[in-house]
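Following: one structure in structure tokens, then a few remarks.
We name chains A, B, ... by the order of the sequence lines, and we start the count at 1 in each one. Every heavy atom of this structure was used, including side-chain atoms; hydrogens, water molecules and symmetry mates were not.
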There are 2 protein chains.
Amino acid sequence: MISHLLNRKLEWRDEVSDEERKILNDLFVRTQDFDVDVDIATDGQRVTFSTLLLEGWAARYKTLSDGRRQITAFHIPGDFVDLHSFPLKKMDHSVLALTKCKVALAPHEALRKVSETNPHLIRLLWLSTLIDAAMHREWITGMGQRSAPGRLGHLFCELYLRLNSVDLASDGRFTFPITQEELGDALGFSTVHINRALRKLREMNLVTVSNQEVVIENWEGLVREADFDPAYLHLEHEPR
Amino acid sequence: MISHLLNRKLEWRDEVSDEERKILNDLFVRTQDFDVDVDIATDGQRVTFSTLLLEGWAARYKTLSDGRRQITAFHIPGDFVDLHSFPLKKMDHSVLALTKCKVALAPHEALRKVSETNPHLIRLLWLSTLIDAAMHREWITGMGQRSAPGRLGHLFCELYLRLNSVDLASDGRFTFPITQEELGDALGFSTVHINRALRKLREMNLVTVSNQEVVIENWEGLVREADFDPAYLHLEHEPR
DNA sequence: CGAGGTCTTGAAGACGATCAACAAACGTGG
DNA sequence: CCACGTTTGTTGATCGTCTTCAAGACCTCG
């Protein structure tokens, strides 16, 4: 089942029936592979498919007219990276493969059919775009109020829970194929400053990042330092 | 018709039939008034109604454990300020009345019924939450990359188009009942710095803010300074 | 008219950017 | 499988943006 990780994500938030699982899986007509540093979707593009990330890491980003870019989200396997393009029709930002990626494609036409026949499932998909928005709000809060180590720490807390919820992290560790430049573009800092903030987190014995791996040494301490409250991830089982 | 401004907003993006207009209007069971500085909805709250702003300005905000707050969105009449609470169930941030506000309440139960009977309408409501998310991404981009005058300028451009789309702004002017402290909490600056950035915009003959009114003196210049591209507002008529 | 909130400006200092140089890791072809 | 070039990471020094603290002006509304 191709949509296994997506099911996993939705099941954290509500009951998903066998029939719904099947409908979800049948949404995807084919898979596609992307190399590192290739756009999975591009700003301004009119799209007719939405993309589920199966393997690899991706990022949403916007480019300013002078070429600087801002990463607005990191995506991991199981994320429906441009589900929002189904109602929006046109991309208002790009999605980039940060590593080699494998994705599955769901035609908007098929999504429209689901919206006409399975209201509960469409509410769950709506929900998943709303959780993306909640992560955006948390991101804004971090950029407005948190220091560099706080922002990094918060990101690591969030990624740990998200990866853990699809069985891609445990014991406070996960692989992290993101460069310091990409971290800088995401959190609004220069690479130099990211480097120094990472050192600070290491010196505080909270997190160590090396060899493409994050090790959270002290979860409680990191949560305190980053002022992390997981409520916004809505990892709660509820009838939706 | 209570939902007149909401209709107006949706009609910018797609056809809305008379029947849909009626269904939309019937969603709302009653109105409610809020005084300045009162929460319309509160973080952590389990809600069973969603709130349409009819009159006044509101803001979404998150509070950190040390009391600092970050405003993540400004809301104007016609905005469905916590439609997202329908699938989310629980608020992950608060909504504050920045002026006296009048709102209309839509029970989640009624929204659920619409989702079962009118897929097109629910796609339009989904769309409106996705545009909120698009504004969040633009906000993140500003906080990561734009200077203080750029961020302010971008906000004024966005608000002008949004207000204009519900007939609350024209000729480059609109009433703006927001204090510099609130602007600071929104854009991630101190009030002192907001004040200086506003002066700079005035000295550049781009925008003047006084007496609770914004006057955009030079739209083209402001768009250039703020690197504003309205695509993310999706003010385009499309079958959704 | 008076009091509290809001705006404005100055001065000092912290945080983060930029520039620069070098070290380490990675990957690609010979 | 090693050599070499490129990308990524690390550290220091200098500079600019934004914060904080402080004080006074303005304005609004009971």
Whole angstrom value for the distance that separates [atom2] of [N] from [atom1] of [X]:
X	N	atom1	atom2	value
Arg151(B)	dT17(D)	CZ	C1'	11 Å
Arg202(B)	dC7(C)	CZ	C1'	10 Å
Arg196(B)	dA11(C)	CZ	P	10 Å
Gln180(B)	dC27(D)	CD	C1'	13 Å
Leu198(B)	dT8(C)	CG	P	8 Å
Ile178(A)	dT7(D)	CD1	P	18 Å
Leu183(B)	dG5(C)	CG	P	19 Å
Arg199(A)	dG16(C)	CZ	P	14 Å

Return no unless some side-chain N or O of Asn195(A) is found under 4.0 Å from OP1 or OP2 of dG9(D).
no

DNA chain C: 5'-proximal contact among Thr191(A) and Thr191(B) (nearest heavy atom):
Thr191(B)

Passing option when Phe189(B) is tested against Val192(B), Leu187(B), Asp185(B) for side chain to side chain contact (heavy atoms under 4.5 Å, CB included)
Leu187(B)

Check Asp66(A) with Arg68(A), please: is the shortest side-chain N to carboxylate O separation under 4.0 Å?
yes

Would you call the rings of His93(B) and His84(B) parallel, tilted or perpendicular, where under 30° means parallel and over 60° means perpendicular?
parallel

Assign the ring pair Phe80(A) / Phe28(A) to parallel, tilted or perpendicular, where the plane angle (0 to 90°) is split at 30° and 60°.
tilted

Among the nucleotides dT6(C), dA17(C), dC18(D), whichever has the atom closest to the side chain of Phe189(B) is dC18(D)

From the options dA17(C), dC18(D), dT11(D), select the nucleotide whose nearest atom is closest to the side chain of His193(B).
dC18(D)

What contact category does Gly188(A) fall into here, base, sugar-phosphate, or nothing, at under 4.0 angstrom with non-hydrogen atoms?
sugar-phosphate

Base, sugar-phosphate, or nothing: which does Thr179(A) touch, judged by heavy atoms less than 4.0 Å apart?
sugar-phosphate

Give, for atom CD of Gln45(B) and atom CD1 of Ile40(B), the distance between the pair rounded to the nearest 0.5 Å.
11.5 Å

